[in-house]
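Reminder, nothing fancy here: chain letters follow the sequence lines and each chain counts from 1.
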2 protein chains.
Amino acid sequence: MAHSHDIPTDLTRNQELVLGTLTASMGPLSAYDILDKLRGDGLRAPLQVYRALDKLVDRGLAHRLESLNAFVACADMHCHRKGLIAFAICESCGKVDEFADEVIEERLGSWARTGGFKVERTTMEIRGRCADCLKKAA
Amino acid sequence: MAHSHDIPTDLTRNQELVLGTLTASMGPLSAYDILDKLRGDGLRAPLQVYRALDKLVDRGLAHRLESLNAFVACADMHCHRKGLIAFAICESCGKVDEFADEVIEERLGSWARTGGFKVERTTMEIRGRCADCLKKAA
DNA sequence: GCCGCAAGCGTAATAACATAACATATCGTT
DNA sequence: AACGATATGTTATGTTATTACGCTTGCGGC
């Protein structure tokens, strides 16, 4: 039976390498961070990473964090949703928390309907401090 | 009496130039776009623009659009709020609409409280097509 | 089989976005 | 006048992302 951490089997070699790197990482990685970690596997050029990332993001296996110019593996392997996902990014430890909220999504949809705006993609990123880091700082 | 289009008088020359450029522009501008428009006024280096932008963003007179690596003048000159602002960005014409939504803000706050996350800053950017462009395309 | 197409890959070069480091200048306060 | 804080100008550099080009691989139709 399939469970939430299955990795799709139809990824290309580069896509697999990139997704593996993201999954193994504690926090978000830039494309160049990923490249550096994969030099040993034969990757040499940024484009090899960017191309893999494009596909992974398309398929919902990874997300791009716009405010960081960085990427994370999708935390919820069975979700792969196209809907709105919000990210909470800790400025201390870099940890990223991911959540979906139907209320916000609906609210947004209603704003869009009112103005005749057709929503194609939404990014929502919250910067701050996670509970762990607040505790440590106290 | 003050009204919504007053420009603060305590801006430095560079800040004034940059804000003026943003205000005059139809859509978002990158720092380098701004620089190019201000060469005639004596600006020469990216840093001159970035420094001005930092201050303007701090004061709420301009906003940074993370998903575009670009900047816009604040649409609502008397708002200058620190709270959550959402941006709707038209992929066709580049127009940016700015709105604040308390429901979303509260919903987000409640999610954060639950997880013990301390929110410092939130960016929300909606990509899609504006009503005008949808009409033209039809 | 083999043709043709679509998707993927590799490489080099370059474009676009952003900051570090350092020196100088301007202004309000004591 | 001396000081600190803030702003400025300049050069160099660092970081992120794309363009352009050509080769390879997998796959369906003939």
Calculate the interatomic distance between L47(B) atom CG and dT15(D) atom P; express it in whole Å. 16 Å
Side-chain N or O of T12(B) less than 4.0 angstrom from OP1 or OP2 on dA7(D)? no
Sugar-phosphate, base or nothing in reach of A45(A), heavy atoms under 4.0 Å: base
Just the rounded figure in Å: distance from P of dA17(D) to CD1 of I34(A). 10 Å
Taking OP1 and OP2 of dG9(D), is either one under 4.0 Å from a side-chain nitrogen or oxygen of N14(B)? yes
Does Q48(B) put a side-chain nitrogen or oxygen below 4.0 Å from OP1 or OP2 of dT8(D)? no
Rounded distance in Å - CG (L38(B)) to C1' (dT8(D)): 15 Å
Could you please name the option among dT8(D), dT11(C), dC17(C) that lies closest to any side-chain atom of R51(B)? dT8(D)
Donor-acceptor pair under 3.5 Å: do we get one between Y32(B)'s side chain and the base of dA15(C)? no
Just compare dT16(D), dA18(C), dA17(D) and give me whichever is closest to any side-chain atom of S30(A). dT16(D)
Calculate the interatomic distance between D33(A) atom CG and dT15(D) atom P; express it in whole Å. 10 Å
Would you mind reporting whether R113(A) and K118(A) have side-chain heavy atoms less than 4.5 Å apart? no
Heavy atoms only, 4.0 Å cut-off, all strands: where does R44(A) land among base, sugar-phosphate and nothing? sugar-phosphate
Round to the nearest Å and state the distance from L53(B) atom CG to dA7(D) atom P. 14 Å
Between C1' of dT15(D) and CG of L35(A), the distance in whole Å: 13 Å
Indicate whether OP1 or OP2 belonging to dT15(D) is found under 4.0 Å from a side-chain N or O atom of N69(A). no
Whole-Å distance between dT6(D) P and D54(B) CG? 14 Å
Are the ring centres of F71(B) and H63(B) closer than 6.0 Å? no
Check R127(A) with E91(A), please: is the shortest side-chain N to carboxylate O separation under 4.0 Å? yes
Keeping the roles fixed (side chain from E125(B), backbone from E66(B)), state whether a donor-acceptor pair exists under 3.5 Å. yes
Donor-acceptor contacts, no H, no angles, side chain residues 44-53 of chain B, under 3.5 Å, sequence neighbours left out:
{"unit_1": "Q48(B)", "atom_1": "OE1", "unit_2": "R44(B)", "atom_2": "N", "d": "2.8"}
{"unit_1": "Q48(B)", "atom_1": "OE1", "unit_2": "A45(B)", "atom_2": "N", "d": "2.9"}

Flag as yes if Y50(B) stacks onto the base of dT19(C) (centroids under 5.5 Å, planes under 30°), otherwise no. no
Can you check the R13(B) CZ to dT6(D) C1' distance for me, whole Å? 18 Å
